[in-house]
Asks: 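Submitted below is the structure of interest, expressed as structure tokens.
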Amino acid sequence: MSADIRTTLGLRPVINVSGTMTSLGASIVVPEAIAAMTAILPHFVEINALQRQASAVIARMTGGEAGFITASCSAGVSLAVAGTITGPDLLAIERLPETNTEKNEVLLQMGHVVSYGAPVDQAIRIAGGKVVMIGQATSTHRYHMENAITERTAAAVYVVSHHVVDYGLLNLKEFVEIAHARGVPVIVDAASEYDLKIFLAQGADIALYSGHKFLGGPTSGIVAGRKDLVRNAFLQNMGIGRGMKVGKESIYGAMAALEAWETRDHAGIRAREAGALALWKETLDGRPGVTALIEPDPTDNPLDRMRVIIDPQEAHITAWDLAAALRSGDQPIIVRDHEVEHRYFYLDPCNLHPGQEHIVATRLAEELDKARASNAMIATPIEDLSRHRFDGMLRWPD
């Protein structure tokens, strides 16, 4: 086995049980994508011609009419929204984010206003879109959306994510029905979703995916859908999209990752993930103050995660302090701790290298045993998480 490059670079050799998180490098890139990138890197290509090749692959894999590769799914949101505002008007494209039309409003359900590292509504504003929030945080009804659509409405954005409110909002089919009744195109942000066809099949005009999450490609975004809207989004590469451009290696690597998706042993991968979850459950079951639950993915991706619920009185440690302890040391383990204030975190097995599931089990046992042996409960004030959340970013560079 080759040496771990992270050691050479002075980086921590983290084990990722958080999931396909951009902040951790998203995913393990599949061999097919690595080979494709290596093959094309020494050569010159006409990028637009390569994008046409990518369009054919994207159309076949998604059921869309056309597609292209961009820098990320977030970039895809901006480019797709911009395309609905400018159309193919090259001068309007150059002027963004200033617009010369009143048709620049973009509908977004209040419960979909989330951050995936940056606010989704900012990706819309970058494109010159004026965000129109519909509904409330926990409820959107038909009349909210129907009355929000005017002659100024350019598009409606629908977000599919475990971050969004998962009740009380309009589902995609109803969202599309209302938008299309008034001629409004629907853009779906489906960054971390397995099903590459369902959103266009349910009526979305453009579906956006991450190339570097479940697909296991290089850092990239995939834009797919209706030919005229995809073209108008692609033309934004002559404007705001210039700063979101991708190189030949990302385009060809994403193409390879898409094609590898067709032949991947999905059942075998699920079986390995299930084995890791079973090991962790065996490790945690019966421990005082610890409840381990295996739960399905909230957006119906075909995978399970483990929710680790901590009773600090019994376990002698809070969920957030346990997550922090796992992050420390020579074998740092990063858990999914977005909801840790509710006394639980998740373990996601989708990005493990062989054998790492045993390291995770050992570290869990070690940290829980250490906490139980302590005389006092390990309980850092939860407010400290908020107070110090961005310390590392604000200190960069040291």
Side-chain angles (χ1 to χ4, degrees), residues 1 13-34 61 116 160-163 166 190-198 209-217 257-287 290-310 319 322-323 326-327 331-340 344-368:
M1 180 181 292
V14 300
I15 295 175
N16 174 15
V17 287
S18 183
T20 55
M21 301 299 168
T22 298
S23 61
L24 295 175
S27 67
I28 300 166
V29 177
V30 297
E32 294 88 343
I34 294 172
M61 292 294 296
Y116 37 60
V160 182
S161 169
H162 67 278
H163 290 297
D166 63 355
S192 192
E193 300 305 305
Y194 264 65
D195 196 323
L196 299 178
K197 293 188 174 180
I198 189 172
Y209 296 92
S210 169
H212 56 277
K213 292 192 174 179
F214 287 127
L215 285 171
L258 278 165
E259 292 183 318
W261 187 251
E262 287 184 295
T263 58
R264 186 181 294 188
D265 180 10
H266 294 280
I269 292 170
R270 295 290 80 73
R272 289 194 293 276
E273 292 174 355
L277 291 170
L279 171 64
W280 298 339
K281 186 164 178 56
E282 180 183 354
T283 300
L284 295 175
D285 278 351
R287 287 182 171 273
V290 181
T291 303
L293 303 176
I294 297 176
E295 299 180 348
D297 179 74
T299 62
D300 296 327
N301 286 315
L303 61 95
D304 295 328
R305 298 183 182 89
M306 176 168 290
R307 190 204 300 230
V308 180
I309 306 169
I310 302 296
L322 178 56
L326 291 168
R327 282 197 304 273
Q331 294 178 315
I333 294 166
I334 313 297
V335 305
R336 180 180 292 222
D337 61 355
H338 300 133
E339 300 161 284
V340 74
Y344 62 81
F345 56 77
Y346 282 95
L347 301 177
D348 188 322
C350 77
N351 267 319
L352 292 173
H353 288 289
Q356 288 185 333
E357 68 275 17
H358 295 286
I359 299 173
V360 173
T362 299
R363 286 292 312 282
L364 283 165
E366 287 175 350
E367 296 301 340
L368 287 166

Asks: Go through the steps to decide whether R336 and M21 satisfy the test side-chain contact (heavy atoms from CB on, under 4.5 Å), and finish with yes or no.
Replies: CA-CA 9 Å; R336 180 180 292 222; M21 301 299 168; 3.4 Å; yes
Asks: Please tell me whether Y209 and E193 have a donor and an acceptor in their side chains that are separated by less than 3.5 angstrom.
Replies: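 No donor-acceptor contact under 3.5 Å links the two side chains.
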Asks: Hey, does E339 have a side-chain heavy atom less than 4.5 Å from the side chain of Y346?
Replies: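 In contact.
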Asks: Do you know the tightest heavy-atom contact between L196 and M61?
Replies: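 Closest approach of L196 to M61: CB-O, 3.7 Å.
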Asks: Do the non-hydrogen side-chain atoms of W280 and V308 ever get within less than 4.5 Å of each other?
Replies: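 They are not in side-chain contact.
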Asks: So which atom in D337 and which in F345 form the shortest heavy-atom distance, rounded to 0.1 Å?
Replies: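 Smallest interatomic distance, heavy atoms only, reads CA-CB, 4.2 Å.
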Asks: Less than 4.5 Å apart, side chain to side chain, heavy atoms only: is that true for Y194 and P302?
Replies: yes
Asks: Take the angle between the ring planes of H266 and W261 and call it parallel below 30°, perpendicular above 60°, tilted in between.
Replies: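 If you compare the ring of H266 with that of W261, the planes turn out perpendicular.
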Asks: Check G217 against A257 and note the closest heavy-atom contact, atom names and distance.
Replies: CA-CB, 3.6 Å
Asks: Tell me whether N301 contacts the main-chain N or O of L303 through its side chain, where contact means a donor paired with an acceptor under 3.5 Å.
Replies: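 Judged by distance alone, no pair lies under 3.5 Å.
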Asks: List the residues meeting side chain to side chain contact (heavy atoms under 4.5 Å, CB included) with I28, not counting sequence neighbours, and say none if there are none.
Replies: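 By the side chain to side chain contact (heavy atoms under 4.5 Å, CB included) rule, I28 matches N351, H353.
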Asks: Do S18 and V335 have side chains that get closer than 4.5 Å, going by heavy atoms?
Replies: no
Asks: Decide yes or no for L364 and L347: does some side-chain heavy atom of the first lie under 4.5 Å from some side-chain heavy atom of the second?
Replies: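 Touching, per the 4.5 Å side-chain cut-off.
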Asks: Given side chains that start at C-beta, do those of Q356 and P349 come closer than 4.5 Å, heavy atoms only?
Replies: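 When only atoms from C-beta onward are counted, P349 and Q356 do not touch, as no gap falls below 4.5 Å.
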Asks: Okay, side chain of R363, backbone of Q331: is any donor-acceptor separation there less than 3.5 Å?
Replies: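 Answer holds: yes.
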Asks: Assess whether atom CD of E282 is packed by more than 12 heavy atoms of other residues, nucleotides or ligands within 6.0 Å.
Replies: no
Asks: What pair of heavy atoms forms the shortest contact from L215 to R264, and how long is it?
Replies: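 Scanning both residues completely, I find the closest heavy atoms to be O-NH2, 2.9 Å.
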Asks: Write down the atom of G19, the atom of D348, and the distance for their closest heavy-atom approach.
Replies: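 Smallest heavy-atom distance, with atoms named: CA-OD2, 3.6 Å.
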Asks: Check the pair H358 / L279 against side-chain contact (heavy atoms from CB on, under 4.5 Å), numbers first and verdict last.
Replies: CA-CA 8 Å; H358 295 286; L279 171 64; 3.5 Å; yes
Asks: Do T299 and D297 have side-chain N/O donor and acceptor atoms under 3.5 Å apart?
Replies: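 Side chains of T299 and D297: pair found under 3.5 Å.
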Asks: For the residue pair I310 and V290, establish whether any side-chain heavy-atom pair is separated by less than 4.5 Å.
Replies: yes
